[in-house]
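Because only heavy atoms are used, hydrogens play no part in the values below, and waters and symmetry mates are left out as well, while side chains stay in.
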Amino acid sequence: MAEAVLFASDRPVPPARLQTVLPAGTEVAAVLAGLAARYAGRGVELVEVAGGFAFRTAADLAPRLTRVVEAPRRLPRAAMEALAVIAYHQPCTRGEIEEIRGASLAQATLESLLELGLIAPRGRKEVPGRPTLWGTTPRFLEQFGLKSLKDLPRREELVAPEPPSLPLPGAASPSSPP
């Protein structure tokens with residue numbers, strides 16, 4: 001029954017939801033472990049994403065499938081930047097997003113992220129004007145294959161280290177007199 005629910009669902013299924021369809025006394029963790037073992041190394045695998053479990057295409061097949069399956073449209077750069085700011089600084093206001101990005105943010109950009117279900121309002125900031133606070137959604141976690149926001153890459157992983165500066169041939173060193 002758990003396998004059928006996981007296959008039929010268009011969203012990750014939380015363990016609590018699975019418990020409601022299993023016979024009394026059945027451990028959800030044991031059922032999930034059994035399914036994960038059964039599907040390990042096959043074309044689809046059971047993965048934990050966004051607080052639930054779902055069947056996903058095996059990672060080793062993904063590059064081959066991108067040639068077969070039509071890829072969804074990519075978000076524009078401004079939308080990806082805004083989404084990254086929201087993910088790392090949530091909850092945050094549109095003004096805070098613009099300040100961090102260093103550029104203005106079109107209302108259409110926020111609306112497209114809202115329409116895709118990647119962000120949602122998280123209340124209002126207690127300042128004059130009471131701007132809307134934005135945060136990511138479980139759909140965001142699902143879209144990017146994350147269990148939780150703790151799985152976001154750290155800044156050090158995203159920023160390439162600066163290469164060491166090498167002296168130019170024939171250039172005077174700062175310690176030598178001109």
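- From Leu61, atom CG reaches atom CZ of Arg42 across 12.0 Å, with rounding to the nearest 0.5 Å.
- Taken together through direct or relayed side-chain contacts under 4.5 Å among Ile, Leu, Val, Met, Phe, Trp and Tyr, Leu118 and Val49 form parts of separate hydrophobic clusters.
- Checking side-chain atoms of Glu98 against main-chain N and O of Leu105 turns up a donor-acceptor pair under 3.5 Å.
- Side-chain atoms of Glu142 never come within 3.5 Å of backbone atoms of Pro12 as a donor-acceptor pair (strictly under, hydrogens ignored).
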N/O donor-acceptor pairs under 3.5 Å from side chains in residues 20-39, not counting sequence neighbours:
unit_1	atom_1	unit_2	atom_2	d
Thr20	OG1	Arg17	O	2.5
Thr20	OG1	Arg17	NH1	3.0
Thr26	OG1	Pro23	O	2.9
Tyr39	OH	Glu3	OE2	2.1

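- Between the side chain of Arg122 and the backbone N or O of Thr136, at least one donor-acceptor pair lies under 3.5 Å.
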Between Leu113 and Leu75, is a side chain to side chain contact (heavy atoms under 4.5 Å, CB included) present by the stated rule, with each step listed? CA-CA 9 Å; Leu113 293 173; Leu75 287 173; 4.0 Å; yes
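- The only option from Cys92, Pro121, Pro91 that meets the side-chain contact (heavy atoms from CB on, under 4.5 Å) definition with Thr132 turns out to be Pro121.
- His89 contributes atom NE2, which lies 4.0 Å from atom CD1 of Ile100 (distance to the nearest 0.5 angstrom).
- Ile97 contributes atom CD1, which lies 9.5 Å from atom CG of Leu83 (distance to the nearest 0.5 angstrom).
- By the 4.5 Å heavy-atom criterion applied to side chains, Asp151 and Phe144 are not counted as neighbours.
- Panel note: side chain Arg130, backbone Arg124; no donor-acceptor pair is recorded below 3.5 Å.
- In this structure, CD on Glu126 lies 9.0 Å from CG on Leu133, to the nearest 0.5 angstrom.
- Under a hydrophobic clustering in which Ile, Leu, Val, Met, Phe, Trp and Tyr are joined whenever their side-chain heavy atoms come within less than 4.5 Å, directly or via other members, Phe55 and Leu18 fall into the same cluster.
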Does Leu141 form a side chain to side chain contact (heavy atoms under 4.5 Å, CB included) with Leu149? I'd like the steps, not just the answer. CA-CA 7 Å; Leu141 297 174; Leu149 291 173; 4.0 Å; yes
Residues Arg94, Gln107; criterion side chain to side chain contact (heavy atoms under 4.5 Å, CB included); working and verdict: CA-CA 9 Å; Arg94 179 178 174 173; Gln107 183 63 29; 2.6 Å; yes
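- The two atoms that bring Glu48 and Lys147 nearest to each other are O-CG, 3.4 Å, heavy atoms only.
- Side-chain atoms of Thr137 come within 3.5 Å of backbone N or O of Phe140 as a donor-acceptor pair.
- Grouping the Ile, Leu, Val, Met, Phe, Trp and Tyr side chains by contacts below 4.5 angstrom, directly or via other members, places Leu46 apart from Leu146.
- Nearest heavy atom pair, residue Phe53 against residue Pro15, reads CE1-CG, 3.8 Å.
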Please lay out, stage by stage, how Arg139 and Leu116 fare under the test side chain to side chain contact (heavy atoms under 4.5 Å, CB included). CA-CA 8 Å; Arg139 175 79 178 113; Leu116 291 169; over 6 Å; no
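- Atom CD of Glu99 has 12 or fewer neighbouring heavy atoms from other residues, nucleotides or ligands inside a 6.0 Å radius.
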